[in-house]
Amino acid sequence: MASSSFQPLQGMSDISAPDVAIWQMIEERAREIFARYRFQEIRTPILEKTKLFTHSLGDTTDVVTKEMYSLEDRGGRKLSLRPEGTAGAVRCIASGAEETVNARVYYMGPMFRCERPQAGRKRQFHQIGVEAAGAPNPRADAEVIALQLHLLSAWGLDGAKIRLNTIGLPEDRAAVLEGLREAIRPRLSELPEDAQQRFETNVLRLLDSKDEAVKKLIADAPPVIEFMSADSRAYLETVVETLKSLKIDVEIDPTLVRGLDYYVHTVWEVVHGGLGAQNALSGGGRYRIQIGNKTIDGVGFAMGVERMIAALEANGITAEQFAPKPAIFIVSLGEEALKENMLLAQILRQRGIACEMELTNRKVKAQMKRANKTGAQQVIIRGDTELEKGIFVLKNMEEGTQREVELPELMELL
RNA sequence: GUGGGUAUAGCUCAGUUGGUUAGAGCGUCAGGUUGUGAUCCUGAAUGUCGCGGGUUCGAAUCCCGUUACUCACCCCA
């Protein structure tokens, strides 16, 4: 039992073998897919000025107002651990030269939100995300969605669904809010108190409420897209058509909204059953963010790696399947053989062969038992008698067969 | 931030209305005469019963606090 005073903080955990194998699989395959779509990695600082987040995510969003880990440094500067990846990535893009306005980047790493932990929600969690900067273009949105689905299939995930919606342009916002309020106002008094409050502060959030009374009311209200300009509606249509031509199925969900202020036009979510209440694997959308005197347009998404792993596990894909196994396990018998076998192991490793060995003089039986547990395909047994004869016993663990070989043959076989 | 559940061996969990030396399975280690694993048999080690306080002749068991885990609300990936 770990000493309680040295446990990780609430909602944060160590990730080690064997679990880490699935993380490595996810990251490895993601890099491969990103390369095919010609996205490049960026690594931005985990600690940023608080202002970067309040400014780009919106200073009334919960993420910014109550969930950030914020601190002052020794110079009294207000800093925060990043709660998401887009702000930093966009800051980096904005600081670059002119050609970076069309940057295509991806990132993977830890994010921090001080919320109550729950299924699929940690305080330090990990995201893999992409940002494709560039002027609004529905085809760019569709390409990014295609990339996202490609990732899911590379990881072997089945049963994920995409829900898509538009939240229109900032110019549409006033009409949308007013239209929605007007539809709800006559029956406002029927709603619970917190919903009534949200009616004033953030009426869009009523769209995805879990409250039954609110849900019913929203179902009766006209879809918000009806309050948007013809351009905004055409934009969504082109996204959907492009996706269709790529043979990608999406479900239009008029109640889908996003919590962060920077979104415009297309927004989407990838959901998966078997995740509990936090069923969104990934969220994405088009955004417009002001950084200094530059406006960065772009489209991107972020996936929660912990949630992804939970979804994979629901599909029967687990870390053990990716646990690395040595090609060779070396069993020694006798002082002299042990010493020589360490040299042999070193040579094999330098030739690119994963190789494990027992470093004590335990009985052969115990060493074989350990060899079996590592999952090694083959075992080299070399004791002092083999050493004298200049041979190696090579055993195939699966078949249970073994034979004696000399050094040149051994090297050729491996 | 609000609310429910949980915390006993490395892991999964038993532990009767508070009663004497706290248990099982798995794993680990060792043996089953020569130097061979995944099966089988035998044996052994390992616990401040999450932590702190209280009630009691006596607490793993009851009460309070605390930390963490877990689930939901909220929020979001």
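Throughout, protein chains are lettered first and strands after them, A, B, ... in sequence-line order, and every chain is numbered starting at 1. These numbers come from a predicted model, not from an experiment.
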In this structure, how many angstroms lie between the [atom2] atom of [N] and the [atom1] atom of [X], rounded?
{"X": "A/E306", "N": "B/U70", "atom1": "CD", "atom2": "C1'", "answer": "16 Å"}
{"X": "A/D384", "N": "B/U34", "atom1": "CG", "atom2": "C1'", "answer": "16 Å"}
{"X": "A/N372", "N": "B/U28", "atom1": "CG", "atom2": "C1'", "answer": "15 Å"}
{"X": "A/F112", "N": "B/C75", "atom1": "CZ", "atom2": "P", "answer": "24 Å"}
{"X": "A/E358", "N": "B/U28", "atom1": "CD", "atom2": "P", "answer": "14 Å"}
{"X": "A/K395", "N": "B/G37", "atom1": "NZ", "atom2": "P", "answer": "7 Å"}
{"X": "A/R370", "N": "B/A38", "atom1": "CZ", "atom2": "P", "answer": "16 Å"}

Would you tell me whether A/Y287 and A/E131 have side-chain atoms, one donor and one acceptor, within less than 3.5 Å of each other? yes

Can you check the distance between [N] and [M], where both ends of the measurement are the [atom1] atom (answer in whole Å)?
{"N": "B/A7", "M": "B/U12", "atom1": "P", "answer": "13 Å"}
{"N": "B/C41", "M": "B/G5", "atom1": "C1'", "answer": "43 Å"}
{"N": "B/G47", "M": "B/A60", "atom1": "C1'", "answer": "11 Å"}
{"N": "B/A45", "M": "B/U28", "atom1": "C1'", "answer": "9 Å"}
{"N": "B/U17", "M": "B/C62", "atom1": "C1'", "answer": "12 Å"}
{"N": "B/G18", "M": "B/C64", "atom1": "P", "answer": "16 Å"}

Which part of the nucleic acid does A/A371 contact within heavy-atom distance under 4.0 Å: base, sugar-phosphate only, or nothing? nothing

Within the pair A/R198 and B/C75, is there a side-chain N or O less than 4.0 Å away from OP1 or OP2? yes

Contacts of A/E335 meeting side chain to side chain donor-acceptor pair (under 3.5 Å) (sequence neighbours excluded), chain-then-number -> A/N361

Please name all residues satisfying side chain to side chain donor-acceptor pair (under 3.5 Å) with A/K78, sequence neighbours left out, ordered by chain then number. A/E72

Defining pairs by Watson-Crick or G-U wobble geometry with both distances under 3.5 Å, how would you list the stems of RNA chain B with at least three pairs each? B:1-7 with B:67-73, B:10-13 with B:23-26, B:28-32 with B:40-44, B:50-54 with B:62-66

Would you kindly check whether a donor in the side chain of [X] faces an acceptor in the base of [N], or vice versa, at under 3.5 angstrom?
{"X": "A/E84", "N": "B/C76", "value": "no"}
{"X": "A/Q118", "N": "B/C74", "value": "yes"}
{"X": "A/Q402", "N": "B/U36", "value": "yes"}
{"X": "A/K365", "N": "B/U36", "value": "no"}

Closer to the 5' end of RNA chain B via nearest nucleotide, is it A/C114 or A/V270? A/C114

Of A/M368 and A/G283, whose closest RNA chain B nucleotide lies nearer the 5' terminus? A/M368

From [options], pick the nucleotide closest to the side chain of [X]?
{"X": "A/K373", "options": "B/C73, B/C29, B/G32", "result": "B/C29"}
{"X": "A/E115", "options": "B/C73, B/A77, B/U36", "result": "B/A77"}
{"X": "A/R362", "options": "B/A77, B/A30, B/C74", "result": "B/A30"}
{"X": "A/R258", "options": "B/A38, B/A77, B/C74", "result": "B/A77"}
{"X": "A/V63", "options": "B/A30, B/A72, B/C76", "result": "B/C76"}
{"X": "A/R113", "options": "B/C76, B/A30, B/C75", "result": "B/C76"}

Check: protein-nucleotides 2-4 of chain B nitrogen or oxygen pairs below 3.5 Å:
| unit_1 | atom_1 | unit_2 | atom_2 | d |
| --- | --- | --- | --- | --- |
| B/U2 | O4 | A/R116 | NH1 | 3.0 |

If you count every heavy atom of other residues, nucleotides or ligands that lies below 6.0 Å from A/R43 atom CZ, does the total exceed 12? no

Would the number of heavy atoms belonging to other residues, nucleotides or ligands and lying under 6.0 Å from CD of A/Q197 be above 12? no

Which residue pairs pass the ring-ring contact (aromatic ring centres under 6.0 Å, His included) test with at least one member in residues 362-414 of chain A, sequence neighbours excluded? none

The correct set of residues in residues 44-62 of chain A placing a heavy atom under 4.0 Å from RNA chain B is A/D62

